[in-house]
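Worksheet: one structure, shown below.
Chain A is the first sequence line, chain B the second, and so forth, proteins listed ahead of strands; every chain is numbered from 1. No experiment lies behind these values; they were computed from the predicted model shown.
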Amino acid sequence: MTQLIDLKSPKGRFARSINVERDTGTGAIDSYLPVGRAIDAISRVGRALTDDQVETAFSITGPYGSGKSSLAVMLDALCSPSSSPSYKAAESLFSDVSPVALEQIKEARIHFGAHKSGFIRAVITAQREPIAATVLRALLRGAEAFGPPVKGKTTHQNTVAKTKKMLKSYKEKEGTRPEAREIKAAVAAFAQTAPVLLLIDEFGKNLEAFADSHSDADLYLLQELAEATRGGDRIPLVLITLQHMAFDEYAASAKAGQRREWAKIQGRFEDIPFVDSAAQTRSLIAAAFNKPSKELAPALSLWAGEQSQQLASLGLNDLAQETNQIANCWPLHPIALAILPELCERYGQNERTLFSFLASSEPGSVATYLRETLWEPKEDLPVVRLDKIYDYFLESASNLVGVSDAASRWVEIDVRIRDAHGLEEPQRRVLKTVGLLNLISVGGSIRASKPLLQAVCADNQTGTKDAAQVAKCLKQIEKKGLITYRDYADEYRVWSGSDFDLKASIEIARRRVSDYSPSALLNSILEMGPLVAARHSHKTGTLRSFSRKWIATDISSIQPLGITDKEDGLALYVLGAEAPYKAIERHDGSKPVAFVTNASPGPLIAAATEVAAIDEILEDPVLLGDDWVARRELIERKAEARVELEQIAEDLYGTTSKSRGPWAYLNKSQKQRRLVSLDEATASQAMSRIADDWYDKALIVRNDLVNRHDLSGQLSKARRMLLEGMINTPDEEQLGLTGHGPEVTLYRSTLDQFTMHQKSDEGWALQPPPDSAKKGSASPIWERLIDLLSSSTSTRAPVNEIYAQLAAPPFGLRSGIAPIFFMAALIIHADEIALYEHGTFKPRFDDALVERLLRNPQNFAIKHFASRTGARSLFLTTASEHLNLPTGRIRKNQRVGGVLTVISNLLSTVTTIPTHIQKTKRLSKETLAIRKVLLSATEPDELLFSALPQILGYKTIAARSKYEKEDIDSLSQSLAEAMTELRFAYPSLLDSIRTELSKALHAPLDGLQTHLSSRAIALGDQILDPRAKRLIVALRADLDEEGWVEYVAMNVSGGTDPKNWTDEDRDRFSTELKDLAGTFLRIEWLNADLRTRSDGFSALRIAVTHPSGEEHVSVVAIGNEEQQKIETILQKALTEAEEQGLDSSVARDALLAILANRSDTVGSVPTISPADTRSTSVESTKSTTAAEND
Amino acid sequence: MTDKIRHVCGISGGKDSSALAVYMRDAVPDMEYFFCDTGAELPETYDYLNKLEVVLGKPIARLNSEKGFDHWFEVFRGALPSPQMRWCTKNMKILPMEAWLGDTPTISYVAIRADESNRKGYVSTKPNIQTIFPFIEDDIDHDGVMRILEEAGVGLPDYYEWRTRSGCYFCFYQRKAEWVGLADRHPELFERAVAIESKVLLGAGDDGSANYQENAMQERAYTWSGGESLTELIGRRDEIMAKHEVAMKRELSNRKNIPLVEALAGALDQDNGDESCAVCDL
């Protein structure tokens, strides 16, 4: 009996993780196993070192445990003095595995004059610190370890001192970083002694520190050093960083700008990815073992041969061919070899785990197995099978739980296996094998199929002696409900038990589902996305696609897509040999229909039935209950069944299908309906041909952002700006759009591209696209559009429908573009097309209208006037002349020379006259009628050609009819007169106000404002009566003359301004003015008199009203002296009257009346027209002035 | 030209901004007056503006006359403004004003009164606009404002009889009693507001209404006034007005000799807080 370990042993290398600082020297080298990528990395470094034109800065990126640090140790050794043990060890190792790489390194050493003394090896493991600190530590370490140089000793020592100082000052005062150029200078100084190897392991930590600090100072050091490794004045320096991820991925939290900088700096480095292929990993495993002893050789070779055959029979041909490798990897079972790389990657730390498994002395490792297993040469070779691997890696995986989903899945499976009671050891081994294979599930041949399980589990041990026993084992554990055989995948799965009878349920569901029609089933299950006509789309700039459906050959009716559908056609997959094209129900605007057939769609229908059956079960909440195991199983089965279904669909109807018929489509002609067969192989090519044929008048637009159904927000805005430019500034170059925004691009790719905005002698203007037979030109669409517009003379055409017509074949115009053409047509034909929104005629285009038109075309409609010929045309010209409207070309949004010009003029007159004029009844009868019809009209043509003539006593001007020219002349004249009356009504009103003011306040018409306002100012601020005060304030107001008149009128009339007067307000003004003017004048008189006298006085106002209603008012101011004298005279008169026997009171009244009646008494007082004629009495008022009140 | 500073005074249709306009008339001869027209103001407001124009002796620039509420209602396909989504103020007041002002250095006169100096009016964030509060500087309070309007012959806008704030007839900041006031004074506008609440714009054109009910969110109907539709609100008319009367009485008895206008304002504030729009309500 021999211990296996005596026959073959692992090399014991790579058993643990390496630290580049700690593990230098021969010990680490001895345990190093240089494999593919390490050798590759070393030769690349060597090659670069001898080429002055290449930067010798490398970043080696690879996952954890892939042996980067070991590579670093190796590089360190290769750069050490030639006499050192580590160099010798490395040399001997490399002369075995890669003499070429070794030669390159040697050459490089000679190139730098370092063949004896080696490099200054500044090798360091980074910490979470700035790069500068790491570099300084590395330099110091390297320089101190470097033997004292022969020449330049002083410089070297000085540099060491300087470096120390820099490091010290950095450590003491954190934040004071040494400058990049100082460090670079130190590197350069060291390099004068010997070339420098600056190697930073775990460089990611520097990067993380950077990302935290958000300082970019570190960047420059790295950049400077990297740049210094090349060119004429290069520093002999090799810069190597080792990390797990690309630079910029570390800086995830850094600013975008910094990340870019990082990525840029990584560009200075030559990146060496450090990953192996599966085959390389296998070599690595093989290389991890020492050569087997000779006595093992025959048995090994026999075993490897058997394994190879077995692998071949399992379909694992790659592996089967590597008989040597199989032998070299013994005691690992070859299947183990196949799954180990994947296993290590998913559940371990890559090679570190792999090599621990191979060489460590942990329980369960291969080394332990070899040590503990005995072998008799006649026996079969003992082999490490999958169950062992399962046991070993379980430990590793449970450490990773929470980190990777895969690991938790492992634990889940392990829980099932551990919880399985009453299992015997062989069963447990098989179960673990199934579990492990389930976990890897790389697909393909390596799966838990019965043959593979038999191959890997038959181990000559009790219970699993041979394939038959393994099969028996499988049956037993399947019976226990621990594994399920999934026939569709030919695979066993470890699941905990489920009572649900999947097989039976699916069978029942299948039967149920098969009642459905196959085409309906397929349409619901295998819904196919739209099929793009790629070549056509590319050539025309319009992305066209066909929606796809499954149909039966006996379908009774096929509805082709129409103008409201987004897709450009229908691609029908026929479940049978005959394309039922006769069932197509063509209608106006129908889009193309294409067919592809297959005479035997049976397998497809079966596969669809399977998916539908599983779906049925899954969707039935009662059936499955909370049996999640069954549910999960079903979900997996459904996924598989779907894949199968898609595969079959592709096989039967796809490009390479041999059983399908050719693509064919219905010809365009309505008359002779026939199928056009295509020889295009791919569906997309066929659709392109069909689109070429059906959409042969489509526009070629080179702006795929707008040439579509739905625009982005930005493009919508650009299109709105374009349309605004079309209505507001069509006379400017580029419609006045400037810059490089999307609206300019849009302009260029549409209006400019189609020659629809051009400069002529009259300047820039919109115009129809020139006639062109060229494919993709705009003229066919334009003609169609104009046709559509001109055909709606009697009824309105909804804008939506116009768009839809253009969207139909043969134009297929996208709704992104349609409004641009539509608006161009509206503008160019502005004189004869009316636009309505919600049925209301829109005489003017403005930005707001454009915005709504683009947003809700469904609210808009158009109508055509047919007004460019005949009597209508004559009337328009004549009326324009009478109304003083310009005739000629269309300018901006002015609609000149047509119905709308005239209408717009008429309407704008009635809408801009003040409200008062819009309402007053005090206009001529015709004008009132015209005003009414203008304010209520909805149809411009009816208004102009029918309603207005009738009001003015003429007959309707029908389209294309005869009409007397004289009548047209006089009709136009009357219309113009009415409009003039309307227009001048308000100015006349103001004039009449002026006249009334002038009369009432005794002021000249000329200079009315100046005159009255100075009089109002003279009155001062003492007036208390509010109405009078308002008048005075108004008269004083410093406004322009017309505003002043309105302001005064408003205050007189009681608060409504003349523009908004009613006719009653107008009358009230006159009445109130008389009243207020009286007050005004009285106050004025009082004031004037008061101002002339300063001694004691009293003022009296005398008003005399005659029976005729005429009134005389006078203010009499009487001084004290005068009063005494007159009092004496009066007293005499009264006394005399008494003596004559008259009653004293009667005498007084009589005296007053007689006095008043004497014309000379009040002769000098101005006459005021009667405000109140009720009284014939003489009235005397004692008036107090504000001055008296003070 | 570019160096010349513009002087502008925005008029909301309310008393304070109107009084300020009158107040500044003679002080700043080249003052430009403007009014951002939502197209949905109360008729009283339009009347009042006409009067003001006469008093001011110059036109009040009507901004935004093209894109009023009806326009945006169509463009937003019936998505209504709300305190959370106040597109009304933004699209119909602030943006048109800022577009009108452009980048010329401008002094904007804002009508915050001396007795409400803690209140915030809308102050433009544009760097070229400097804001001045003349009423605060000159210590003009509520009574001062009333005096200015009285003397200029314009008085208060008529809606002050039933509502204390200017703004759209359907303003969602309206208090319940004000909604009732709208229903009483302007039944046709109330009807419009009811329709708009259900995403219908009555009489959008000769063909009838613009209806965007399809675009409405099914699960949550928007209401102008918190917690109930206008139809429901008007169904509670008596309850609302009874409450309002009580509040009015309380206001009048709490403070003696206050003008009715103030009592109304106080009573309405009790109705629904004094949440309002800093742009519209000045």
Inset, instruction - For Y212(B) and N859(A), work out which heavy atoms get closest and say how close. - result: OH-ND2, 2.8 Å

Inset, instruction - Measure the spacing between CD of E851(A) and NE2 of H71(B) and express it to the nearest 0.5 Å. - result: 3.5 Å

Inset, instruction - Mind checking the NZ-CG spacing from K67(B) to D847(A)? Nearest 0.5 Å is all I need. - result: 5.5 Å

Inset, instruction - Taking the side chain as every heavy atom from C-beta outward, state whether K58(B) and D1040(A) have any atom pair closer than 4.5 Å. - result: no

Legend entry - Spacing of E151(B) atom CD and R1030(A) atom CZ [to the nearest 0.5 Å]: 10.5 Å

Inset, instruction - Between chain B and each of V1033(A), D1038(A), N856(A), count heavy-atom pairs under 4.5 Å; write down the option with the most. - result: N856(A)

Legend entry - Residues from residues 1054-1064 of chain A approaching chain B under 4.5 Å (heavy atoms): G1055(A), D1057(A), N1060(A)

Inset, instruction - Drop me the distance from E837(A)'s CD to D207(B)'s CG, to the nearest 0.5 angstrom. - result: 10.5 Å

Inset, instruction - Find the distance between CZ (R855(A)) and CD (E74(B)) and round it off to the nearest 0.5 Å. - result: 11.0 Å

Legend entry - Residue part contacting chain A, namely of E53(B), when any heavy atom lies under 4.5 Å: neither

Legend entry - From CG (D206(B)) to OH (Y836(A)), nearest 0.5 Å: 9.5 Å

Legend entry - Contact summary for H838(A) and S209(B), nearest pair of heavy atoms: ND1-O, 4.2 Å

Inset, instruction - Decide side chain to side chain contact (heavy atoms under 4.5 Å, CB included) for V154(B) and M1050(A); before the verdict, give the C-alpha distance in whole Å, the side-chain angles of both, and the deciding distance to 0.1 Å. - result: CA-CA 10 Å; V154(B) 281; M1050(A) 172 179 118; 4.1 Å; yes

Legend entry - Qualifying residues under side chain to side chain contact (heavy atoms under 4.5 Å, CB included), relative to S1014(A), sequence neighbours excluded: none

